[in-house]
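Beneath this line is the structure, given in structure tokens, with notes to follow.
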Amino acid sequence: MYTITIKNETYQFRSIADVLAKASEEKSGDIMAGIAAGSSLERMAAKVVLSELSLKEIYENPVIAYDMDEVTRIIYDDLNLFIYKEISNWSVGELREYILSHQTSTSDLFRISKGLTSEMISAAAKLMSSIDLVMASQKIRPTAHCNTTIGEAGRLAFRCQPNHPIDNPDGILASMKEGLSYGSGDAVIGVNPNNDSVESVSRILHMTHDFIQKWEIPTQNCVLAHITTQMQALKKGAPIALMFQSLAGTQAANDDFGVSKEILDEAFYLMAKQGTSTGPNQLYFETGQGSEVSLDAHLGIDMQTLEARTYGYARHWKPFMVNNVSGFIGPETIYDGKQVIRADLEDLFMGKMHGLPMGIAPTYTNHMQADQNDQEIAGMLTALAGANFYMGVPGGDDVMLSYQDTSYHDDASLREMLGLRPLREFEIWLVKMGIMENGKLIERAGDLSIFE
Amino acid sequence: MMNIQAIVKQVIEELKTEGQVKIGTSPENAEIKPEIAEGRHIVYEIVKQVGVDQPVNREEIGKVQSITPARIGIGRTGTRMKTRNYLDFRIDHAAAQDAVFKDVPEELLKELKLPVLQSKAETMDQYLMDLDSGRRLNETSRKWADKNLPKNRQVQIIVSDGLSSTGIEANIGDLLPALVQGLQSKNISIGDPVFIKRSRVWIQDDVASIVNCDCVISLIGERPGLATAKSISAYLIYKPSENTVEADRTVISNIHEGGVPPVEAGAHLADLIETILKQKASGVKLAKLQ
């Protein structure tokens with residue numbers, strides 16, 4: 001129990017989970033779950049209490065008990081206790097200042113990352129403003145390698161996302177060529193299938209693999225079916241460079257996704273044995289604030305903290321990409337443009353602070369109060385903050401998943417406005433193909449018919 | 001009200017007369033004045049065209065544009081979209097936002113003889129922001145269903161508006177009869193299909209618990225996309241219970257004329273239900289068995 005008096009008002013918080021939830025910036029999912037602050041001042045009261053909590057108190061009170069939840073177990077079992085003990089008497093306020101200090105280097109941040117639980121990282125983010133989150137995120141540049149190296153400073157990658165409503169192979173191929181001609185596809189060529197059957201998924205894997213081989217493209221292919229479907233396809237000989245799965249921050253939500261440590265371990269080893277790529281990073285995860293709430297599997301924990309826990313879980317399998325898709329679900333979790341932008345900045349920072357190679361999908365659906373202008377603001381801010389990658393969707397309109405995401409045009413624009421280059425190996429290929437020179441698109445770019 | 005209409009009508013008449021008069025009496029104003037009086041009228045249609053400047057193969061781009069609704073071959077100015085494509089995108093977004101807030105026409109529901117039940121969501125806002133409200137029947141509907149719906153059949157069909165009433169409007173007239181016919185030809189027993197206003201997928205668990213069927217299928221309006229605001233999905237589950245998880249549901253999405261056509265989907269769903277009943281499983285459990 002924590003109590004605090006502020007401007008003559010007294011507030012009470014019954015647990016650390018309660019403090020964390022009420023200290024969150026306003027989001028509709030937390031309101032729906034009935035755990036959000038009741039007023040602006042109560043939110044500030046919770047932030048004050050949070051700033052004074054020690055890391056030790058947070059460590060000793062995980063928001064979901066170790067015995068009850070696989071996500072908690074992975075987070076605690078992977079923690080470096082030597083590093084944790086060095087900083088366990090810090091308050092969350094001190095943690096925030098350490099992260100932002102000029103004296104703290106990138107490698108210092110990577111080091112303490114190993115001694116922080118996800119709740120601690122979530123707590124620090126709750127005491128940070130937009131610029132705080134951007135400044136901190138810029139300092140942390142986790143890299144990973146599959147066939148290309150992602151995350152190096154000065155480079156920005158994209159997933160080419162050439163979805164088709166009924167998986168028409170020629171339709172997928174056409175959108176893929178379009179994306180590549182804009183320089184999008186160095187993170188991965190990743191197709192969301194409409195049909196989740198092993199045969200259909202295998203067909204798309206072969207098609208994308210063959211195209212990559214034929215045009216000697218330094219990248220990786222992926223079909224974002226359920227992980228068990230991909231494993232079956234792989235066992236039957238389908239070529240997979242990167243394996244995908246959506247993750248959440250509670251065991252209950254992961255059960256709903258049909259995924260567990262056991263399955264992810266199997267996928268990890270199967271990819272090492274039979275994947276087509278170099279590695280060592282051969283998995284691709286997607287996450288986003290709100291999935292636990294929409295599955296009614298949040299256990300009274302706020303969306304942002306559950307998102308942090310998802311990262312604590314994800315880092316166990318050393319992924320090549322973690323893509324954050326807060327905003328994909330709808331207004332019941334993230335109400336409007338303002339909430340999406342905040343979530344994107346929080347998630348980018350929290351993911352990086354976990355040492356993960358983060359990308360952001362600033363998305364919106366058609367039943368929420370957000371539009372293209374909000375999306376572009378979120379894209380620019382997170383690119384400034386050093387996101388590793390974005391999605392690339394033809395014209396920003398995903399015709400299979402029915403939502404909006406960054407377009408091939410936006411991808412090219414983000415690179416150009418910030419002077420960022422494609423991934424090293426891929427840039428050489430773009431120059432060879434006559435699509436790019438000196439980091440800028442040239443005449444031939446944007447023409448899918450160059451692949452003849 | 002009558003007065004305002006009358007005044008508007010009068011003003012319009014006067015404007016017309018004024019224009020005519022001006023055309024007649026003042027030749028130098030003839031080309032300008034009528035335009036100002038009537039305004040400029042634009043009929044804007046979204047047309048696919050090859051927007052790439054000097055492509056290697058224009059014909060090829062035109063050809064692939066016809067096999068996908070994706071916005072490809074649109075070209076660029078600098079790194080940005082051309083004006084027309086930018087406007088097309090914003091127009092489609094505006095239309096999709098509007099599609100969420102419309103109701104399924106009552107005549108259609110009458111024509112299909114679908115009884116109309118209601119979820120606990122009393123307003124659209126409540127429905128959008130409080131998921132639970134769309135996952136359960138309200139008390140009146142629950143009592144009605146308990147009293148009137150046939151029980152212990154193999155299959156119960158639910159039609160849900162979900163997030164696109166226009167999707168239901170466009171597809172259900174073809175899809176529902178095709179599905180029913182498919183099931184009947186396999187001698188699978190069906191309860192009375194129902195329509196549930198402002199309902200989400202999980203309401204199928206609630207309905208299944210009332211009618212005690214083996215398999216429940218929801219035909220539900222998908223959240224509208226830009227390419228189509230008229231798409232629906234089918235969610236199927238075998239004997240939902242307290243322990244049901246999301247992965248237990250089998251989903252067929254993108255049912256609409258530009259995706260899986262509704263008649264074809266009806267036949268396919270009947271086959272799928274036959275498999276689910278035979279294997280006594282759905283979702284990931286079913287996939288593992290196959």
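What you see below is based on every heavy atom in this structure, not just the backbone, and it leaves out hydrogens, waters and symmetry mates. Chain letters run A, B, ... following the sequence lines, proteins first, then strands; residues in each count from 1.
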Which bit of Asp398(A) is near chain B, if near means a heavy-atom gap under 4.5 Å: side chain, backbone, both or neither?
neither
Below 4.5 Å, heavy atoms only, C-beta onward: do Ser402(A) and Pro224(B) meet side chain to side chain?
no
Given that the side chain runs from C-beta out, which part of Leu163(B) has a heavy atom under 4.5 Å from chain A: side chain, backbone, both or neither?
side chain
Taking side chain as everything from C-beta outward and backbone as N, CA, C, O, which of these in Arg135(B) sits under 4.5 Å from a heavy atom of chain A? Side chain, backbone, both or neither.
side chain
Can you confirm if the aromatic rings of His409(A) and Phe89(B) lie within a centre distance of less than 6.0 Å?
no
Tightest non-hydrogen contact, residues Asp447(A) and Val56(B), listed as OD2-N, 2.8 Å
Region of Lys440(A) in contact with chain B, defined by heavy-atom distances below 4.5 Å
neither
Side chain to side chain, Asn366(A) and Arg223(B), heavy atoms closer than 4.5 Å
no
Asp196(A) versus chain B, heavy atoms under 4.5 Å apart: side chain, backbone, both or neither?
neither
To the nearest 0.5 Å, what is the distance between CD (Glu332(A)) and CG (Leu128(B))?
7.5 Å
Chain B contact via Asn373(A) - side chain, backbone, both or neither, heavy atoms under 4.5 Å:
side chain
Is any side-chain heavy atom of Gln404(A) closer than 4.5 Å to one of His93(B)?
yes
Residue Glu59(B) excluded, over 12 heavy atoms near CD under 6.0 Å
no
Could you check which of Lys63(B), Glu60(B), Gln65(B), Gln97(B) has the highest count of heavy-atom pairs closer than 4.5 Å to chain A?
Gln97(B)
Of the listed residues (Ile74(B), Asp248(B), Val284(B)), which shares the most heavy-atom pairs with chain A below a 4.5 Å separation?
Ile74(B)
Could you pull out the closest heavy-atom pair between Phe257(A) and Ala247(B), with the gap in Å?
C-CB, 4.3 Å
Part of Met417(A) within contact of chain B (heavy atom distance under 4.5 Å)
neither
Are more than 12 heavy atoms, taken from residues, nucleotides or ligands other than Lys230(B), located less than 6.0 Å from that residue's NZ atom?
no
Is the NZ atom of Lys48(B) crowded by more than 12 outside heavy atoms at less than 6.0 Å?
yes
Max heavy-atom pairs within cutoff under 4.5 Å with chain B, candidates Ser175(A), Pro394(A), Ala412(A), goes to Pro394(A)
Under 4.5 Å from any heavy atom of chain B, what part of Ser294(A) do you find: side chain, backbone, both or neither?
both
Is there side-chain contact between Val260(B) and Ile166(A), with heavy atoms separated by less than 4.5 Å?
yes
Interatomic distance, Tyr86(B) atom OH to Ser407(A) atom OG [nearest 0.5 angstrom]
11.5 Å
Interface moiety of Tyr408(A) toward chain B, non-hydrogen atoms closer than 4.5 Å
neither
What part of Ala252(A) gets closer than 4.5 Å to chain B, counting heavy atoms only: side chain, backbone, both or neither?
neither
Return the minimal non-hydrogen interatomic distance between Ala174(A) and Ile72(B), and the atom names on each side.
CB-CD1, 3.6 Å
Distance-only side-chain donor-acceptor flag, Thr68(B) / Asn168(A), under 3.5 Å
no
Which atoms of Val100(B) approach chain A - backbone, side chain, both or neither, heavy atom under 4.5 Å:
side chain
So which atom in Asn194(A) and which in Ser253(B) form the shortest heavy-atom distance, rounded to 0.1 Å?
OD1-OG, 2.7 Å
Proximity breakdown for Val52(B) and chain A, heavy-atom pairs closer than 4.5 Å
side chain
Under 4.5 Å between any side-chain heavy atoms of Met124(B) and His367(A), yes or no?
no
For the side chain of Gln54(B) and the backbone of Glu443(A), is there at least one donor-acceptor N/O pair under 3.5 Å apart?
no
Just wondering, do Val64(B) and Leu448(A) contact through their side chains at under 4.5 Å, heavy atoms?
yes
Would one find more than 12 heavy atoms of other residues, nucleotides or ligands at under 6.0 Å from atom CD of Glu416(A)?
yes
Among Ile450(A), Val399(A), Asp397(A), which residue forms the greatest number of heavy-atom pairs with chain B at distances under 4.5 Å?
Asp397(A)
Residue part contacting chain B, namely of Leu414(A), when any heavy atom lies under 4.5 Å
neither
Counting only heavy atoms not in Lys186(B), do more than 12 fall under 6.0 Å of its NZ?
yes
Decide yes or no for Gln372(A) and Arg90(B): does some side-chain heavy atom of the first lie under 4.5 Å from some side-chain heavy atom of the second?
yes
In terms of heavy-atom contacts, Trp202(B) and Leu295(A) come closest through CH2-O, 3.4 Å
Heavy-atom count around Asp125(B) CG within 6.0 Å, excluding the residue itself: above 12?
no
Cut-off 4.5 Å, heavy atoms of chain A, and the answer for Asn85(B) is neither
Would you mind reporting whether Val393(A) and Arg71(B) have side-chain heavy atoms less than 4.5 Å apart?
no
Among residues 75-83 of chain B, those lying within the under-4.5 Å heavy-atom range of chain A are Gly75(B), Arg76(B), Thr79(B), Arg80(B), Met81(B)
Could you tell me which residues satisfy ring pair (Phe, Tyr, Trp, His ring centres under 6.0 Å) with Phe328(A), sequence neighbours excluded, listed by chain and number?
Tyr403(A)
What part of Leu401(A) lies closer than 4.5 angstrom to a heavy atom of chain B: side chain, backbone, both or neither?
backbone
Counting heavy-atom pairs closer than 4.5 Å to chain B, which one of Leu441(A), Ile172(A), Asp255(A), Ile31(A) comes out on top?
Asp255(A)
With chain B as the partner, which of Gly258(A), Ser413(A), Ala253(A) has the greatest number of non-hydrogen pairs under 4.5 Å?
Ser413(A)
For the student: nearest non-hydrogen atoms of Glu178(A) and Gly73(B), plus distance
OE1-N, 2.9 Å
